[in-house]
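This structure is a prediction, so every number in the text was calculated from the model and none was measured. Note on naming: letters A, B, ... go to the chains in the order of the sequence lines (proteins, then strands), and numbering restarts at 1 for each one. What you see below is based on every heavy atom in this structure, not just the backbone, and it leaves out hydrogens, waters and symmetry mates.
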Number of protein chains: 2
Amino acid sequence: MYERKIPITLDCGLDLIGEVLYGKWKIRMLYFIAEGCVRPSELQRKIPDASRRVLTMQLKQLEEHELVTKTIYPQIPLKVEYSLTEFGKSLLPVITMLGQWGDEHQERLRNVIEKQYTTTQMMSDQMV
Amino acid sequence: MYERKIPITLDCGLDLIGEVLYGKWKIRMLYFIAEGCVRPSELQRKIPDASRRVLTMQLKQLEEHELVTKTIYPQIPLKVEYSLTEFGKSLLPVITMLGQWGDEHQERLRNVIEKQYTTTQMMSDQMV
DNA sequence: CTGTATCCTGGAGGATACTG
DNA sequence: CAGTATCCTCCAGGATACAG
């Protein structure tokens with residue numbers, strides 16, 4: 001029907017990127033680090049819904065995946081900064097595209113998401 | 001440091017697209033449907049790791065989010081086909097880009113992922 | 001300030017068996 | 001063939017308290 005416009009290897013590419021981007025806050029963190037929020041406390045402020053523990057964990061994973069670099073300044077109080085590696089920067093266009101699509105279809109998205117939400121609501125209301 | 005190259009609204013765009021793409025198999029399903037695997041059984045075959053139940057659930061969500069359309073042919077045995085809406089098709093470039101990035105960095109990705117995996121292994125080995 | 005150790009919970013997703 | 005109903009597991013992520 002769509003005549004295989006997409007080369008098959010993509011399938012595996014999706015796996016791999018999924019591996020690296022998996023984690024509730026990772027994309028956001030990359031995004032904010034790119035924006036200049038390079039210290040954990042800044043990120044924490046930007047993403048208040050995330051717990052400190054998870055924030056740290058996912059930063060560590062990003063580091064293991066070589067998307068960010070961690071720099072420790074041995075001061076009191078401690079100062080830590082994260083920055084994107086070249087590898088990490090190569091991901092920015094992808095993230096930008098994700099965000100742009102969401103942005104461009106903002107209204108429609110809000111509609112369909114809201115609609116689905118209220119449907120769920122109705123169902124749980126009926127449960128009572 | 002990176003001087004805010006990315007417009008701030010992206011942040012919300014990321015939320016919205018996340019909402020719609022959230023689900024272990026959704027991106028894959030969209031991808032395969034675009035490729036011409038339009039029947040549930042075909043998708044099931046392409047994604048054998050997914051359970052029938054979840055496959056159906058996520059298809060239903062994609063439908064609610066207006067990314068796919070469901071067509072039922074009242075035959076025995078039943079025949080069902082899914083196809084991308086225009087809205088859904090607008091997502092293809094994004095998916096393609098995701099997959100391409102993963103594809104292009106395939107080797108490096110395999111390395112860092114593998115490395116992290118073995119690290120985890122070592123740790124759980126030490127646990128013993 | 002940054003990071004770790006514990007404990008706990010929600011809910012996504014799997015297995016299985018069933019209906020139409 | 002397509003979909004649903006139950007039941008169950010597992011772990012990502014939150015809360016909290018503490019340490020360097």
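Residues A/A50 and B/V80 both approach DNA chain D. Their nearest nucleotides, taken by heavy-atom distance, put B/V80 toward the 5′ side.
Of all the residues in residues 70-78 of chain A, A/K70, A/P77, A/L78 reach under 4.0 Å from DNA chain C with at least one non-hydrogen atom.
One interatomic measurement links the two molecules: CD of A/E42 to C1' of C/dC1, which rounds to 12 Å at whole-angstrom precision. Atom-to-atom, CD1 of A/I47 to C1' of D/dA12 comes out at 16 Å; the value is rounded to the nearest Å. For B/L55 and D/dC1, the CG to C1' distance is 14 Å, given to the nearest whole Å. If you take CG of A/D49 and P of C/dG10, they are 17 Å apart, rounded to a whole angstrom. What separates CG of A/L59 from P of C/dT2 is a distance of 11 Å, to the nearest Å. Taking atom CD on A/Q44 and atom P on D/dT16, their separation rounds to 13 Å, with Å as the unit. Spacing between atom CE of A/M57 and atom P of D/dC11 amounts to 13 Å, rounded to whole angstrom units. Between A/E63 atom CD and C/dG3 atom C1' the separation is 13 Å, expressed in whole Å.
A salt bridge does not link B/R45 with B/E42: every distance from a Lys NZ or Arg NE/NH1/NH2 to an Asp or Glu carboxylate oxygen is 4.0 Å or more.
Comparing C/dG14, D/dG3, C/dT2 by their closest approach to the side chain of B/W25 singles out C/dG14. When distances are taken from the side chain of A/K24 to each of C/dG3, D/dG14, C/dG13, the shortest belongs to D/dG14. Between C/dG14, D/dC1, C/dG3, one nucleotide has an atom nearer to the side chain of B/S51 than all others, and that is C/dG14. Closest to the side chain of A/Y22, out of D/dG3, C/dG14, D/dA12, is D/dA12.
Partners of B/E66 by side chain to side chain contact (heavy atoms under 4.5 Å, CB included), not counting sequence neighbours, listed by chain and number: A/R108, A/V112, A/K115, B/F87.
Closest approach of B/I33 and B/S83 over heavy atoms only: CG2-CA, 4.0 Å. Residues B/S41 and B/R52 share a closest heavy-atom pair of N-NH2, 4.5 Å. Of all non-hydrogen atoms in B/Q44 and B/A50, the two that sit nearest each other are NE2-O, 3.0 Å. For A/K24 against A/Q58, the heavy-atom pair with the smallest separation is N-NE2, 3.4 Å.
Using a 4.0 Å heavy-atom cutoff across all strands shown, A/Q58 reaches sugar-phosphate atoms only and no base atom.
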Could you list the donor-acceptor pairs under 3.5 angstrom formed between side-chain atoms of residues 13-23 of chain B and any protein atom two or more places apart in sequence or on another chain?
from	atom 1	to	atom 2	distance (Å)
B/D15	OD1	A/R28	NH2	2.3
B/D15	OD2	A/R28	NH2	3.3

Can you tabulate the close N/O pairs, meaning under 3.5 Å, that link protein atoms to atoms of nucleotides 4-7 of chain C?
from	atom 1	to	atom 2	distance (Å)
C/dT6	O4	A/R53	NE	3.4

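Taking the screw axis at each terminus of the helix from C/dC1-D/dG20 to C/dG20-D/dC1 from five consecutive base pairs, the angle between the two is 50° to within rounding of 10 degrees.
No more than 12 heavy atoms of other residues, nucleotides or ligands sit less than 6.0 Å from atom CD of B/E107.
Of the possible donor and acceptor atoms, none in the side chain of B/W101 sits under 3.5 Å from a partner among the backbone N and O of A/P93.
Taking only side-chain nitrogens and oxygens, A/R39 comes nearer than 4.0 Å to OP1 or OP2 of C/dT2.
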Steps toward side chain to side chain contact (heavy atoms under 4.5 Å, CB included) verdict (B/Q106, B/D103): CA-CA 5 Å; B/Q106 197 166 337; B/D103 238 34; 3.9 Å; yes

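Under the 4.5 Å side-chain heavy-atom criterion for Ile, Leu, Val, Met, Phe, Trp and Tyr, B/M57 and B/F32 are members of distinct hydrophobic clusters.
Residue pairs meeting the ring-ring contact (aromatic ring centres under 6.0 Å, His included) criterion with at least one partner in residues 48-78 of chain A, sequence neighbours excluded, do not occur; the list is empty.
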